[in-house]
2 protein chains.
Amino acid sequence: MTLEGVETLDAGVVPRVARAREPRVVRVALAGCGVVGGELLRILKHGEARLAARNGLRFEVVRVLARTAGRPRPDELPEGVLTTDLDAFLAAEAELVVEAIGGVDPAVRIARTALAAGRRVVTANKALVAAHGPELAALARQSGTRIDFEGAVAGGVPIVRALRDSLPLTGVRSIRGVLNGTSNYVLTRLAEGRSYADALARAQAAGFAEADPSRDVSGEDAADKIRILAWLAFGVAPERLPVRRRGIAPGADRLAADAAALRGVVRLVAECAQTAEGVVASVEPVVVGPGSELGRTRNEDNAVLVESDWNGRVCLAGPGAGGGPTASALLADMVRGAQRQPPPTQRRGVQDRRPHRWAVSVEAGPGAAEALRRALDRAGVPVAGEPLRGGSLARTAPVAWPRVDLATRALTAEGRRPLVSRVER
Amino acid sequence: MTLEGVETLDAGVVPRVARAREPRVVRVALAGCGVVGGELLRILKHGEARLAARNGLRFEVVRVLARTAGRPRPDELPEGVLTTDLDAFLAAEAELVVEAIGGVDPAVRIARTALAAGRRVVTANKALVAAHGPELAALARQSGTRIDFEGAVAGGVPIVRALRDSLPLTGVRSIRGVLNGTSNYVLTRLAEGRSYADALARAQAAGFAEADPSRDVSGEDAADKIRILAWLAFGVAPERLPVRRRGIAPGADRLAADAAALRGVVRLVAECAQTAEGVVASVEPVVVGPGSELGRTRNEDNAVLVESDWNGRVCLAGPGAGGGPTASALLADMVRGAQRQPPPTQRRGVQDRRPHRWAVSVEAGPGAAEALRRALDRAGVPVAGEPLRGGSLARTAPVAWPRVDLATRALTAEGRRPLVSRVER
């Protein structure tokens with residue numbers, strides 16, 4: 001596939017086109033106009049100037065497929081592009097098809113038809129990729145195009161890209177993580193003493209749990225995701241990888257109580273690992289330490305730990321669910337292949353004049369407390385709370401650096417050897 | 001730039017070449033044969049089959065530049081390729097130049113000469129990129145080639161790629177993190193009560209602190225890195241970005257004591273942020289909570305937090321220093337542009353038969369303890385420690401899943417509603 005006006009598709013090479021040229025228009029067909037699809041339309045609108053300046057691209061959404069015609073639609077939906085007719089959607093003249101409709105069918109029909117026609121496909125659909133990933137990748141290869149799916153695993157955490165591009169070269173031994181935001185939100189609430197029913201209702205009210213959360217709490221959603229990661233890291237067919245799977249329901253309340261009795265917290269952990277016998281995978285409740293990386297992963301956040309021979313242990317964590325993060329991942333895939341060299345450098349850097357809190361100390365000794373107090377006072381630095389360590393350590397109220405700098409210069413001139421830390425606790 | 005036999009350079013597109021073809025040979029000139037360069041030679045040797053199968057590449061190291069001829073060299077150094085003559089190195093016929101020599105000069109001469117000749121450059125040199133990044137990127141653009149520098153920031157943590165490819169599209173507001181492994185190692189030891197001198201000696205003995213650690217402890221190294229990240233995220237010229245900079249020395253012992261007096265720990269935090277006035281940047285000691293993301297970043301690890309409009313907060317953490325992680329980052333850049341679609345799926349997935357520890361519980365009630373004990377006993381599941389909660393919750397010694405499964409099936413048949421968690425604490 002060659003993009004007109006761009007000499008190479010390589011992600012970082014700067015095309016030889018002049019920067020001032022008009023952005024290249026990419027015609028997009030978007031399947032799905034729910035939480036994720038709607039958010040994508042908003043980001044495209046909001047980021048239009050940035051996409052043009054940074055990536056030399058303008059995405060023109062020419063067709064949007066919705067399951068039903070009736071629902072309220074985002075304001076950003078262009079006039080006259082909405083359809084509920086799958087065949088009309090598939091016939092749209094678009095070089096890029098974004099699939100945000102979820103579920104295996106009709107998503108797999110959409111992906112197959114688009115790829116067979118040489119169109120590029122971007123999807124956030126884990127069920128689709130776990131069930132048909134290798135087939136669709138092969139189809140893309142035959143058609144000289146590609147399928148990308150960053151949003152299918154861990155929302156806004158760029159784990160798919162990391163596993164496709166760089167980490168496998170380091171000799172991956174295992175991948176484990178919290179990959180289902182809904183379950184993790186529920187488990188976080190349970191550890192706070194709430195009931196399962198209450199926790200689930202809150203997750204639904206917050207908008208990231210489906211009306212039917214059964215694929216989340218059963219571990220099926222996380223199993224799809226770990227299958228995809230095992231495919232990328234180890235080359236096993238995701239649809240044929242056996243996953244030992246138990247979810248958090250029924251019995252979530254007791255699982256949380258069991259973990260508490262062991263002085264831990266329960267997390268729904270997805271894991272795949274290379275063993276002497278082959279690649280193994282599981283999704284199951286695991287009791288972890290409250291201070292461990294997975295124990296500290298709270299609410300709808302996801303976290304992925306990758307252990308490898310040459311690269312030790314890398315952790316990627318962040319928002320695993322929600323329209324914004326998933327739509328961001330879709331957008332990152334949409335601009336794949338377009339210009340994304342380090343940006344031009346016209347923007348200016350300035351001195352930081354934001355107020356921060358600081359800790360200022362001087363060497364203990366005769367007159368130290370008096371000297372510190374006086375220097376801060378003269379520089380107009382407000383002190384917060386009582387001085388510590390006999391007056392040789394003071395905390396400040398929020399104040400911009402130049403004033404603190406003034407005080408430290410005065411103290412240095414007096415031979416008091418001042419030290420300053422910013423305080424963020 | 002076009003790679004022979006590969007139809008497109010795009011990172012994820014599968015080239016139409018048959019998989020069975022011989023790997024494409026890429027001639028590499030490597031500048032630097034110290035900790036990082038030596039480790040890269042080891043990884044190339046060790047990963048040769050994987051690179052051929054997965055990426056269709058074979059890297060042939062045709063010339064290696066060393067500062068001095070005398071030092072012991074890694075066994076993996078090919079015969080007759082070592083030179084100490086810069087001009088002889090620059091004249092090497094290589095399509096890819098890997099710069100692992102460090103410092104600005106002669107690194108900048110090597111990079112300029114290579115790029116001007118249309119050769120691709122991969123470097124882990126933060127001082128070089130912070131001082132000359134935009135100039136070298138422009139030169140690469142003019143020559144139709146590219147420069148990559150994943151290893152320049154945070155070693156094996158793929159933050160450069162994330163910021164080049166995906167995260168900027170999400171509307172980045174700020175980036176902050178621990179970017180200097182040596183300082184962080186020293187600060188970790190100080191918090192344990194060791195002296196600065198002792199901590200530094202340990203870092204040097206562990207091999208990741210330079211003989212002259214002044215650029216590390218002064219914050220200059222972290223300043224170079226935050227300049228590079230500010231360039232990628234915000235498009236400011238790294239060499240012209242003012243960075244408010246204070247290091248951890250002199251005075252590291254007192255900084256640690258000050259933080260302890262505030263019930264925190266001190267970290268050398270690098271930060272850049274978009275403000276109304278422009279982009280600001282700093283490197284300075286910051287007192288953070290011991291349980292915060294940066295407070296928990298220990299030893300030579302690095303951690304980077306990216307906050308953005310659409311994507312919330314993403315954390316990438318892992319080994320920030322050392323030969324293996326940095327060489328891994330170089331290798332990831334070296335294969336950029338080569339085939340790296342999801343791998344073929346011939347590998348097999350198997351059932352997990354590794355021993356794990358488990359927590360098994362049944363519903364409390366008459367006979368519960370006896371039923372649990374009996375079921376575990378009959379299935380041959382060894383119990384560890386005393387039973388909990390009146391006998392309705394038991395921990396096991398390490399045992400493979402099938403036995404536990406047997407016990408739970410028996411308990412289910414008895415109507416005891418068993419629940420199982422894996423235990424990792």
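We name chains A, B, ... by the order of the sequence lines, and we start the count at 1 in each one.
In this structure, OG on B/Ser392 lies 7.5 Å from CG on A/Asp258, to the nearest 0.5 angstrom. A/Glu271 CD to B/Glu424 CD: the interatomic distance, rounded to the nearest 0.5 Å, is 6.5 Å.
In terms of heavy atoms, A/Val266 sits closest to B/Ser421 at CG2-OG, 4.3 Å. When every heavy atom of B/Val236 is checked against every heavy atom of A/Gly349, the shortest pair comes out as CG1-N, 4.2 Å.
For B/Arg357, there are no side chain to side chain donor-acceptor pair (under 3.5 Å) partners two or more places apart in sequence or in a different chain.
Proximity to chain A is absent for every atom of B/Ala327, based on heavy atoms less than 4.5 angstrom apart. No part of B/Arg227 comes within reach of chain A, as not one of its non-hydrogen atoms sits under 4.5 angstrom from that chain. Within the 4.5 angstrom heavy-atom criterion, only side-chain atoms of B/Glu284, from C-beta onward, approach chain A. Contacts between B/Arg244 and chain A at a heavy-atom distance below 4.5 Å involve the side chain alone, from C-beta outward. For B/Pro158, the part sitting under 4.5 Å from any heavy atom of chain A is the side chain, from C-beta outward, and nothing else. If you measure heavy-atom distances from B/Glu363 to chain A, the contacts under 4.5 Å come from both the backbone and the side chain. Contact annotation for A/Glu293: neither backbone nor side-chain heavy atoms come within less than 4.5 Å of a heavy atom of chain B. Proximity to chain A is limited to the side chain of B/Leu388, based on heavy atoms less than 4.5 angstrom apart. Using a 4.5 Å cut-off between heavy atoms, B/Val420 contacts chain A through both its backbone and its side chain. Looking at A/Arg267, neither its backbone nor its side chain comes within 4.5 Å of chain B, counting heavy atoms on both sides. Interface residue B/Leu51: only side-chain heavy atoms are found under 4.5 Å from chain A. In this structure, chain A has heavy atoms under 4.5 Å from both the backbone and the side chain of B/Val423. At a 4.5 Å heavy-atom cutoff, the contact between B/Gln274 and chain A is made by side-chain atoms alone. Contact of A/Leu331 with chain B is made through backbone and side chain together, with heavy-atom distances under 4.5 Å.
Interface check for chain A: of the options B/Gly156, B/Gly318, B/Ala317, the most heavy-atom pairs under 4.5 Å are formed by B/Ala317. Put simply, of B/Cys315, B/Gly324, B/Gly322, B/Ala359, the one with the most heavy-atom pairs under 4.5 Å next to chain A is B/Cys315. Across B/Arg389, B/Arg417, B/Glu277, B/Arg296, the residue that shares the most heavy-atom pairs under 4.5 angstrom with chain A is B/Arg296. With respect to chain B, the highest number of heavy-atom pairs below 4.5 Å among A/Gly295, A/Gly289, A/Cys272 belongs to A/Gly289. Listed options B/Arg313, B/His356, B/Glu150 were ranked by heavy-atom pairs under 4.5 angstrom with chain A; first place goes to B/Arg313. Looking only at heavy-atom pairs under 4.5 Å with chain A, the residue among B/Val269, B/Leu294, B/Asp309, B/Leu255 that has the most is B/Leu255. Ranked by heavy-atom pairs under 4.5 Å with chain B, the first of A/Leu241, A/Leu419, A/Val314, A/Thr326 is A/Leu419. Interface summary for chain A: among B/Arg246, B/Arg354, B/Arg353, B/Gln351, the most heavy-atom pairs under 4.5 angstrom belong to B/Arg246.
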Intermediate values then yes/no, side-chain hydrogen bond (donor to acceptor under 3.5 Å, both in side chains), A/Ser282 and B/Asp352
CA-CA 8 Å; A/Ser282 56; B/Asp352 180 14; 5.0 Å; no

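Side chains of B/Arg425 and A/Ser292: a donor-acceptor N/O pair is absent below 3.5 angstrom, by distance only.
Panel note: side chain B/Arg254, backbone A/Ser361; a donor-acceptor pair is recorded below 3.5 Å.
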